[in-house]
Amino acid sequence: MAIAETFYRDLGVKGNEVFVSDGAQCDISRLQAYIDCGVIVGRAGNFQEKTGTYDNIVYMKCGPENNFFPDLSTTSRTDIIFFCSPNNPTGYAASRQQLQQLVDFAKANGSMIIYDSAYAAYVTDDSPRSIFEIPGAKEVAIEISSFSKFAGFTGVRLGWTVVPEELLYSNGFPVMKDYNRIVCTCFNGASSVAQAGGLACLSKEGYRALTTVVDYYMGNAEILFDAFSSLGLKAYGGKNAPYVWVHFPGMSSWDVFNEILEKTHIVTIPGRGFGPGGEGYVRVSGFGHRERILEASMRLKNLYK
């Protein structure tokens, strides 16, 4: 009820549609929607070493060339569409118009959207924080979110999934009933300690304190973004998520990772680790203490000046 009231007050989401869990990643695994989960249950098809892709998975490339949103006119129909906004690793948040296209696409194709909104608290512009801000989304989408990113609960483990009553299979059976059965069968509930912490975060005083932490991390992201931009490198993100996505044209993302690690002792994430579309990029995180972010920026500037 507290989650519904805090995050979905004007969107008509009811408390019984919110399933509290031990984190978004666990929810994704229960839904069998993410790539590795699809592989585990044998639905991904054969792996192609040359391209780094699986035969039965449709990859929707989201890069600067398409404003970080897939070209749905050339996208094949799938049963499940997994979409993360604000996005990890690119730091980009989809616009209202883009998400309307996604919802319309799912409706036209009889697909179900699994929408990851774990970074919604970091949105600073008018980009939607929930897929349910889009008309018709309750008929095609499940939303997954978490306390990990905005409240630092990564090790505490607390998240939620919203399964609207309006979401039905083609035969009219409510998806919520199946999801309730899965949760009741496979899960004994988030710990009472974690839930007490979550309720404290959702109190007026707690939520006000969290917004200051979010602002702090976004300030870190801005410092990193400016550092890379000053070096003439093309950087993206850092506006609606605490990540900066940096392009190193002509270089392998693993080579960039190794160079930065060996010469500056800074750990980045090679873009290739997020899939074939991430080659040539690294992800840099604003999660950290300000003095370390400033030190990292100085080292990066000395390396690439």
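When a residue number appears, it is its place in the shown sequence, counting from 1. Everything numeric here is computed off the predicted structure, so don't read it as measured data.
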Worked check of side chain to side chain donor-acceptor pair (under 3.5 Å) between Tyr8 and Glu143: CA-CA 11 Å; Tyr8 304 100; Glu143 181 164 300; 2.6 Å; yes
Can you give me the closest heavy-atom contact between Val256 and Tyr304, atom names plus distance? CG1-OH, 4.2 Å
Given Tyr92, which partner from the list Tyr236, Tyr243, Tyr119, Phe68 fulfils the ring-ring contact (aromatic ring centres under 6.0 Å, His included) test? Phe68
Here the pair of heavy atoms bringing His247 nearest to Leu233 is O-CD2, 3.8 Å
Any side-chain heavy atom of Ile3 within less than 4.5 Å of one from Phe147? yes
Determine whether more than 12 heavy atoms belonging to other residues, nucleotides or ligands lie under 6.0 Å from atom CG of Asn188. no
So do Ile134 and Pro128 actually touch side chain to side chain, heavy atoms under 4.5 Å? yes
Is Asp226 reaching over with its side chain to a backbone N or O of Ile223, donor-acceptor style, under 3.5 angstrom? no
Residues Cys201 and Ala151: closest non-hydrogen pair is SG-CB, 3.9 Å
OG1-NZ distance between Thr74 and Lys61, expressed to the nearest 0.5 angstrom: 12.5 Å
Does NZ or CZ of Lys239 fall inside the cone over Phe225's six-membered ring, less than 6.0 Å from its centre and within 45° of the axis? yes
From Lys234 atom NZ to Ser229 atom OG, the distance as rounded to the nearest 0.5 Å: 7.5 Å
Under 4.5 Å between side-chain heavy atoms, counting indirect links through other Ile/Leu/Val/Met/Phe/Trp/Tyr residues: same cluster for Val175 and Ile80 or not? yes
Starting from Leu300, can I reach Ile269 by hopping between I/L/V/M/F/W/Y residues whose side chains sit under 4.5 Å apart? no
Keeping the roles fixed (side chain from Gln98, backbone from Phe69), state whether a donor-acceptor pair exists under 3.5 Å. no
More than 12 non-hydrogen atoms from neighbouring residues, nucleotides or ligands closer than 6.0 Å to CD on Glu291, yes or no? yes
Glu17 side, atom CD; Leu167 side, atom CG - distance, nearest 0.5 Å: 10.0 Å
Donor on one side chain, acceptor on other, Arg283 and Asn88, under 3.5 Å: yes
Could you tell me whether a side-chain N or O of Asp22 sits under 3.5 Å from a main-chain N or O of Ser191, the two making a donor and an acceptor? no
Expected output: side-chain Arg292 to main-chain Gly288 donor-acceptor under 3.5 Å: no
With the 4.5 Å side-chain cut-off for hydrophobic clustering, are Leu303 and Phe248 part of the same group? yes
Does CZ in Arg96 sit with more than 12 non-hydrogen atoms of other residues, nucleotides or ligands closer than 6.0 Å? yes
Taking Glu279 for its side chain and Ser253 for its backbone only, find out whether a donor-acceptor pair lies under 3.5 Å. yes
Do Asn171 side-chain atoms and Phe173 backbone N/O form a donor-acceptor pair below 3.5 Å? yes
I'd like to know whether the aromatic ring centres of Phe19 and Tyr179 sit less than 6.0 Å apart in this structure. yes
Following the transitive rule for hydrophobic clusters with a side-chain heavy-atom cut-off under 4.5 Å over Ile, Leu, Val, Met, Phe, Trp and Tyr, establish whether Leu261 and Trp254 coincide in one cluster. yes
Identify the heavy atoms of Pro276 and Thr53 that sit nearest to each other, and give their distance. CG-CG2, 3.7 Å
Tell me the closest heavy-atom pair linking Ser146 and Leu158, and the distance in Å. OG-O, 3.7 Å
Just wondering, do Val244 and Val246 contact through their side chains at under 4.5 Å, heavy atoms? yes
Phe228 CZ to Trp245 CH2 distance, which is reported to the nearest 0.5 Å: 12.0 Å
Below 4.5 Å, heavy atoms only, C-beta onward: do Phe105 and Ile113 meet side chain to side chain? no
Can you confirm whether Glu205 is buried at CD, in the sense that more than 12 heavy atoms of other residues, nucleotides or ligands lie under 6.0 Å from that atom? no
Give the C-alpha distance, both sets of side-chain angles, the deciding distance and a yes or no for side chain to side chain donor-acceptor pair (under 3.5 Å) between Arg43 and Asn56. CA-CA 7 Å; Arg43 302 290 292 174; Asn56 292 347; over 6 Å; no
Transitively linked via ILVMFWY side-chain contacts under 4.5 Å: Phe257 with Ile266? no
CZ-SG distance between Phe82 and Cys37, expressed to the nearest 0.5 angstrom: 9.0 Å
Taking NZ, NE, NH1 and NH2 as the nitrogens, is one of them in Glu165 or Lys14 under 4.0 Å from a carboxylate oxygen of the other? yes
Can you tell me how far NZ of Lys305 sits from CE of Met298, rounded to the nearest 0.5 angstrom? 10.5 Å
More than 12 foreign heavy atoms under 6.0 Å from CG of Asp10: is that the case here? no
Any side-chain heavy atom of Val214 sitting closer than 4.5 Å to one from Lys149? no
Is the closest side-chain heavy-atom distance between Leu224 and Ser297 below 4.5 Å? yes
Between Ser203 and Ala200 (side chain of the first, backbone of the second, donor and acceptor by atom type, cut-off under 3.5 Å), is there such a pair? yes
Residues Arg272 and Thr51: closest non-hydrogen pair is NH2-O, 3.8 Å
Check whether any side-chain heavy atom of Asp116 sits under 4.5 Å from a side-chain heavy atom of Phe83, and report yes or no. no
We want to know whether Ser85 and Asn87 form a side-chain donor-acceptor pair, criterion being a heavy-atom distance below 3.5 angstrom. no
Are Ser127 and Asp125 close enough that a side-chain donor and a side-chain acceptor fall under 3.5 Å? yes
Report yes or no: does Glu222 contribute a side-chain atom to a donor-acceptor pair with the main-chain N or O of Met218 at less than 3.5 Å? no
Under 3.5 Å: donor-acceptor pair, side chain of Asn240, backbone of Val123: no
Considering only NZ, NE, NH1 and NH2 on the basic side and carboxylate oxygens on the acidic side, decide whether Glu133 and Arg129 come within less than 4.0 Å. no
Side chains of Phe287 and Ile293: does their closest heavy-atom pair fall under 4.5 Å? no
Is the backbone of Gly219 close enough, under 3.5 Å, to the side chain of Arg290 for a donor and an acceptor to pair up by distance? no
